[in-house]
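Accompanying notes for the structure given below.
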Amino acid sequence: MHQHRVIIAGAGLGGLTLAHGLRARGFDVAVYERDLHPDARPQGYRVQLDEPGLAGLERCLPEHLFRLGLATAASPPARVSVRDRHLGTLADRPTAPDPDPADGTARPYRSYAFNRPTLRQILLSGLADTVRYGAELLSWEREQDGTVTVRFADGRSASADLLVGADGVGSAVRRQLLPHARVEDAGLRLIYGRIPLDAPETGVGEAGEAGESETGAAAAGAAAALPPWVFDSIFTVVTGGLGSPHVGFGPVRFARPPGVAGPAHTPPVPLTPVGDYVACLVGAPADHPAMPSFEALRGLDGPALRELAGRLVGDDWHPDVHRLLDRWETDSLFPLRISTASPVPPWEPGPVTLLGDAIHAMSPVLAMGANTAIRDAAELTRTLAGAAASGVPLVDGVRAYELRMREYAFSVVAASRRTGRQRVGQR
């Protein structure tokens, strides 16, 4: 029986989830990542997963890795709050479960706040022989036999039955597959970082109960110094009004601090120790008078980014907001430019497809980017496995995936754009 070979371009959350899902179903999978090693560039901090992302992880990951992910995640109250700059409540709603999960069932998931680097370490577990680093994809070519050959900047090439572009907003796979697809500047710039809640971070292991207790006490003391409303929701947006700056706060207080943690009957997964923190961002329209060009923004160091954020958040904002920004860890700060994809008309399916930001980049206002990428991975795993089991061409699974993905993903992109326009001045 032919073992289908799949090349995944990009070792982000969606690409790694897909690798697990396909390997578990007998596919020969290779992941090619342009970074030289897993920690080559900042991966961000907090990522919120709701039902679509959690269900996708559960369908694709080995059970012990899925349980480890939940064990090392935070589960703040599953509510999203919006406040004005004086902290008056504008909206307060529960995070909603996905009304149409891929398998048609309703699951009692909560919303979880993951530390993105920790989740990525978990996803990389068991894939040491699958992920190739330092492999920048230059081009691909469809062969006469229906396979695809991929060429990399270092001279390497590889062939497969299917190439999956999971290579982000600037996808080289998308540029060749869908040259007419447009990814637009959403007109928002963010300064992103974290407010630590711990004293120095300390690793814990299976027998580290005393360390966990001490860490928890330190975190509790630091958390008590912050205004309690920060911890009342999984995410809180404080807005200065349409077209004005906004500030976001997302608490990450771990159920179990990441260290060497795992069920006793499975091999331990080494995880970098991380202390509790509050993810914090300050955003503003790109044309705000105080906002420099993105090129200039990228050239600012941490203290300069915090000083700029202080100018964006005016003196008439509630003192709590300024006190929180004063606790920002300057070494953690970096700028982001927000992009959003335009819907793409249906295209002829073949041995190349796309998932995540490579096809449906969206603003983070609904916290659905990672959720949708992981949902893509689970959906593509399901349709490819179905095609392989039925003995039909793999492209039939690609066709089914692309039809469904375009339907759910671009509706989320549109909802994110609408909410971004209403709440934070997105274009």
Side-chain angles (χ1 to χ4, degrees), residues 1-12 14-35 60 126-168 170-181 344-360 373 376-406 409:
M1 182 177 177
H2 174 64
Q3 185 181 31
H4 293 288
R5 180 168 174 77
V6 178
I7 290 175
I8 301 170
L16 293 175
T17 301
L18 178 65
H20 277 288
L22 293 181
R23 275 176 46 120
R25 289 154 181 84
F27 286 75
D28 180 9
V29 180
V31 180
Y32 289 86
E33 167 58 49
R34 67 180 180 180
D35 289 345
C60 293
L127 297 182
D129 61 341
T130 300
V131 182
R132 283 83 158 159
Y133 294 98
E136 180 183 359
L137 187 148
L138 287 185
S139 64
W140 53 267
E141 181 179 356
R142 183 171 181 172
E143 306 293 350
Q144 289 186 347
D145 64 358
T147 61
V148 60
T149 298
V150 183
R151 293 180 173 81
F152 302 94
D154 61 2
R156 276 184 286 181
S157 64
S159 296
D161 299 296
L162 177 66
L163 166 64
V164 181
D167 48 344
S171 172
V173 179
R174 184 194 66 243
R175 283 199 302 270
Q176 189 173 339
L177 178 66
L178 302 173
H180 57 285
V344 183
W347 60 91
E348 183 64 26
V352 181
T353 193
L354 301 160
L355 67 74
D357 284 350
I359 181 61
H360 49 66
D376 291 348
E379 181 67 18
L380 184 54
T381 294
R382 183 183 69 82
T383 61
L384 293 180
S390 302
V392 300
L394 216 57
V395 70
D396 288 4
V398 173
R399 179 182 290 107
Y401 158 72
E402 290 176 348
L403 180 65
R404 182 163 175 81
M405 178 270 291
R406 287 184 63 259

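FYI, the numbering just counts along the sequence from 1.
Under the side chain to side chain donor-acceptor pair (under 3.5 Å) criterion, Asp357 pairs with no residue, sequence neighbours left out. Partners of Arg175 according to the salt bridge (charged side-chain N to carboxylate O under 4.0 Å, His left out) rule, which considers only residues two or more places apart in sequence or in another chain, do not exist here. For Asp35, the side chain to side chain contact (heavy atoms under 4.5 Å, CB included) partners two or more places apart in sequence, or in a different chain, are Glu33, Ala40, Arg41, Gln43. In this view, Arg151 and Ser139, Glu141, Thr149, Ser157 satisfy the side chain to side chain contact (heavy atoms under 4.5 Å, CB included) rule, not counting sequence neighbours. Residues satisfying the ring pair (Phe, Tyr, Trp, His ring centres under 6.0 Å) criterion with Tyr401, sequence neighbours excluded, are absent altogether. For Leu127, the side chain to side chain contact (heavy atoms under 4.5 Å, CB included) criterion is met by Leu16, Ala19, His20, Arg23, Thr130, Val131, not counting sequence neighbours. Shown here are the salt bridge (charged side-chain N to carboxylate O under 4.0 Å, His left out) partners of Arg25, two or more places apart in sequence or in another chain: there are none. Judged as a side chain to side chain donor-acceptor pair (under 3.5 Å), and not counting sequence neighbours, Arg34 has no contacts. Scanning for side chain to side chain contact (heavy atoms under 4.5 Å, CB included) contacts around Ala153 gives Glu136, Leu138, with sequence neighbours left out.
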What do the steps show when you test Val148 against Asp161 for side-chain contact (heavy atoms from CB on, under 4.5 Å), and what is the final call?
-> CA-CA 6 Å; Val148 60; Asp161 299 296; over 6 Å; no
Under the side-chain contact (heavy atoms from CB on, under 4.5 Å) criterion, do His360 and Met405 qualify, and how do the steps go?
-> CA-CA 9 Å; His360 49 66; Met405 178 270 291; 3.8 Å; yes
side-chain contact (heavy atoms from CB on, under 4.5 Å) evaluation trace for Leu137 with Val150 | CA-CA 7 Å; Leu137 187 148; Val150 183; 3.3 Å; yes
side-chain contact (heavy atoms from CB on, under 4.5 Å) assessment of Leu162 paired with Val398 | CA-CA 9 Å; Leu162 177 66; Val398 173; 3.7 Å; yes
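Two residues are said to be in side-chain contact when any heavy atoms from C-beta on lie closer than 4.5 Å; Leu18 and Leu380 meet this criterion. Counting heavy atoms from C-beta outward, Ile8 and Tyr32 have side chains that stay 4.5 Å or more apart. Counting heavy atoms from C-beta on, the side chains of Asp28 and Val6 never come closer than 4.5 Å. Taking 4.5 Å as the limit, every side-chain heavy atom of Arg142 sits out of range of all side-chain heavy atoms of Thr147. No side-chain heavy atom of Gln3 sits less than 4.5 Å from a side-chain heavy atom of Phe27.
Interatomic distance, Leu22 CG to Thr381 OG1, rounded to the nearest 0.5 Å: 4.5 Å.
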Under 3.5 Å, which donor-acceptor pairs link side chains of residues 347-356 to any protein atom two or more places apart or in another chain?
from   : atom 1 : to     : atom 2 : distance (Å)
Trp347 : NE1    : Glu402 : OE1    : 3.2
Trp347 : NE1    : Glu402 : OE2    : 3.2
Thr353 : OG1    : Glu402 : OE2    : 2.7

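Side chain of Ser390 to backbone of Ala387: no donor-acceptor contact under 3.5 angstrom is found. Between the side chain of Asp167 and the backbone N or O of Val173, at least one donor-acceptor pair lies under 3.5 Å. The closest donor-acceptor contact from the side chain of Ser171 to the backbone of Ala358 lies at 3.5 Å or more, if one exists at all. Checking side-chain atoms of Arg404 against main-chain N and O of Glu379 turns up no donor-acceptor pair under 3.5 Å.
Nearest heavy-atom pair across Ala181 and Val344 is CB-CG2, 3.9 Å. Closest heavy-atom contact between Gly15 and Ala166: CA-CB, 3.9 Å. Nearest heavy atoms, Asp154 versus Gly134: OD2-O, 3.7 Å. Minimum heavy-atom separation, Arg5 to Ser159: NE-O, 3.1 Å.
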